There are 2 protein chains.
Amino acid sequence: MTTRRRFVHAGAQTRRADLIAATLDLIAEGGPQAATVRAIATRAGVTPGLIRHYFATKEDLIAAAHQHLMSGLTEASAERLEDLPDDPLARLSVFLANAVSPPVTDPRTVALWAASMQLVPRDAKMRAVHRETYLEFRDLLQRMITEALAHSGQPVEQAQTLAIAGNALLDGLWIEAGALPDAFTPDQLKSIAINAFSRLLKLELPEV
Amino acid sequence: MTTRRRFVHAGAQTRRADLIAATLDLIAEGGPQAATVRAIATRAGVTPGLIRHYFATKEDLIAAAHQHLMSGLTEASAERLEDLPDDPLARLSVFLANAVSPPVTDPRTVALWAASMQLVPRDAKMRAVHRETYLEFRDLLQRMITEALAHSGQPVEQAQTLAIAGNALLDGLWIEAGALPDAFTPDQLKSIAINAFSRLLKLELPEV
DNA sequence: CGGGTAATTATACATTTGCATAATTACGCA
DNA sequence: TGCGTAATTATGCAAATGTATAATTACCCG
């Protein structure tokens, strides 16, 4: 004779957030196959059936988790940007440093990204989220590049191409840093990123 | 009354190779979760029970498949180098163009890479293979960068830093190209890569 | 040519998984 | 206060999965 689980009423936002957090935790720890409906529910302190109440299907939950993860990364890179002086070069330097530092550069984050990356080619919903978040980050980078170029009196028509290349550079750096944490020191990564962008944009970005 | 499947005797090498090929095909098409014992057996034209005869467990089979994939990629990228011209700048250009073109930039390759990437943080053996192949490719790139810099009379002491950044740039480009095949044209990718490297190395790489 | 052995198939089984449905509980509003 | 409704739990189920085991087949060596 088992006792019924205590009924706890939490809002929709809370529950959705908890379920997404539990999903990301499990995927980070044990890969996508570890994120079963029951495991997610247990981790979120909830009953399996509740998942169905908030997400029509498990794929929906996973897509939502991916969305949350990616926009979180963009926000983390843009963090502390408001506090800075208006100098476009300094702003870009801080942005780059953020993009190759924890929590962005973090084994857990990279594992999560790899897991979702593997779904992107096959799942239309995932692909849509990926495209959206990718372009969002790239546009942000492109705007900062444009401002930096204009501030130093350079033509800005190549800004988009440079943003694509710069975005790829940052992607590659944080992937390798996350996959091989011991291969680079944090300062080394920042220095590489800022130096590479200085050459890409043909201007002198300040170290941070 | 079903008829018994025709018994076909094949050697151990053949069967192991077939099972590994079937596993990689399935992972590339449908992700790791598509590589079930039954699906692998069907794809390999074999009965599920036979897998157990060659691999003690499914994990063993998948590990063997990843090993095969990685060494295959290494061999493929090393093979390309012989055909390149003697001029260091032209060599580098062709190398870059190859690195962002099929079959390297290929949804199947990227999907397989993402699948293994997801195991790297959790599996020591996978991590060792990853580190080895990463450093191998980076050293190759660094040698070509050194030659290009020397050929144009530039100092070469920053070659390693530039190789790290350049490698990251290529990684990022082919990942995005594989994930969003419609976002870039092949020519666009080549042009972006060569232009970015021209700026990184402060020299004029020829278009190919 | 005949038997032993490895290769291959067939069957069975316990477990896990995602999902559906019905029962139960708490909250808000009249 | 009472009732409707959304939130949450409990239970069930069919399908899929990995693996174990026994039966069957082809090859090889004497």
Side-chain angles (χ1 to χ4, degrees), chain A residues 1-27 29-66 115 118-119 122-123 125-126, chain B residues 1-27 29-66 115 119 123:
Chain A
M1 175 79 187
T2 62
T3 73
R4 189 182 179 88
R5 183 195 186 91
R6 187 172 152 234
F7 193 110
V8 183
H9 217 105
Q13 307 102 310
T14 307
R15 281 286 134 93
R16 294 183 89 94
D18 287 353
L19 289 172
I20 286 176
T23 302
L24 291 178
D25 280 353
L26 287 167
I27 292 179
E29 289 170 12
Q33 74 273 25
T36 71
V37 172
R38 285 163 179 79
I40 294 171
T42 300
R43 173 77 59 122
V46 145
T47 279
L50 188 60
I51 293 181
R52 169 133 170 80
H53 186 252
Y54 285 111
F55 300 92
T57 178
K58 189 192 164 190
E59 283 190 354
D60 285 359
L61 169 54
I62 294 203
H66 182 222
Q118 159 205 332
L119 301 178
R122 283 178 298 279
D123 188 318
K125 212 175 297 180
M126 279 288 188
Chain B
M1 176 76 185
T2 63
T3 73
R4 190 181 178 90
R5 183 194 186 91
R6 188 173 153 234
F7 193 110
V8 183
H9 216 104
Q13 307 105 310
T14 307
R15 281 285 133 94
R16 293 184 90 95
D18 287 352
L19 289 172
I20 286 176
T23 302
L24 289 178
D25 281 353
L26 287 167
I27 292 179
E29 290 171 13
Q33 76 273 24
T36 71
V37 173
R38 285 163 180 79
I40 294 171
T42 300
R43 173 76 59 123
V46 144
T47 280
L50 188 60
I51 292 181
R52 171 131 169 80
H53 187 254
Y54 284 111
F55 300 94
T57 178
K58 190 192 163 190
E59 281 190 355
D60 285 359
L61 169 54
I62 294 205
H66 276 123
L119 300 178
D123 188 321

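Scope of the values below: all heavy atoms of this structure, side chains included, with no hydrogens, waters or symmetry mates. This structure is a prediction, so every number in the text was calculated from the model and none was measured.
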### Query
Looking for any heavy atom pair under 4.0 Å, which part of the strands does B:Ala10 touch: base, sugar-phosphate only, or nothing?
sugar-phosphate
### Query
Which part of the nucleic acid does B:Tyr54 contact within heavy-atom distance under 4.0 Å: base, sugar-phosphate only, or nothing?
sugar-phosphate
### Task
For each nucleotide in nucleotides 19-28 of chain D, reading 5' to 3', give B when a protein heavy atom comes within less than 4.0 Å of its base, S when such contact involves only the sugar-phosphate, and - otherwise.
BS---SBSS-
[X]: partners by side chain to side chain donor-acceptor pair (under 3.5 Å), with sequence neighbours left out:
X	result
A:His66	A:Ser116
B:Asp60	none
B:Asp18	none

Atom pair distance, as rounded to whole Å: [atom1] in [X] and [atom2] in [N]:
X	N	atom1	atom2	answer
A:Gln13	D:dA6	CD	C1'	14 Å
A:Leu50	C:dG18	CG	P	16 Å
A:Ile62	C:dT17	CD1	P	13 Å
B:His53	D:dG18	NE2	C1'	18 Å
B:Asp18	C:dT8	CG	P	10 Å
A:Ile40	D:dT9	CD1	C1'	18 Å
A:Ile51	D:dA7	CD1	P	16 Å

### Sequence neighbours excluded, every pair satisfying side-chain hydrogen bond (donor to acceptor under 3.5 Å, both in side chains) that has a member inside residues 7-17 of chain B
none
### Sequence neighbours excluded - side-chain hydrogen bond (donor to acceptor under 3.5 Å, both in side chains) pairs with any residue from residues 40-53 of chain B
B:Glu29-B:Arg43
### Task
By nearest nucleotide on DNA chain D, pick out whichever of A:Thr47 and B:Thr36 is the more 5' one.
A:Thr47
### Message
Other residues, nucleotides and ligands only: do more than 12 of their heavy atoms fall within 6.0 Å of CD on A:Gln33?
### Response
yes
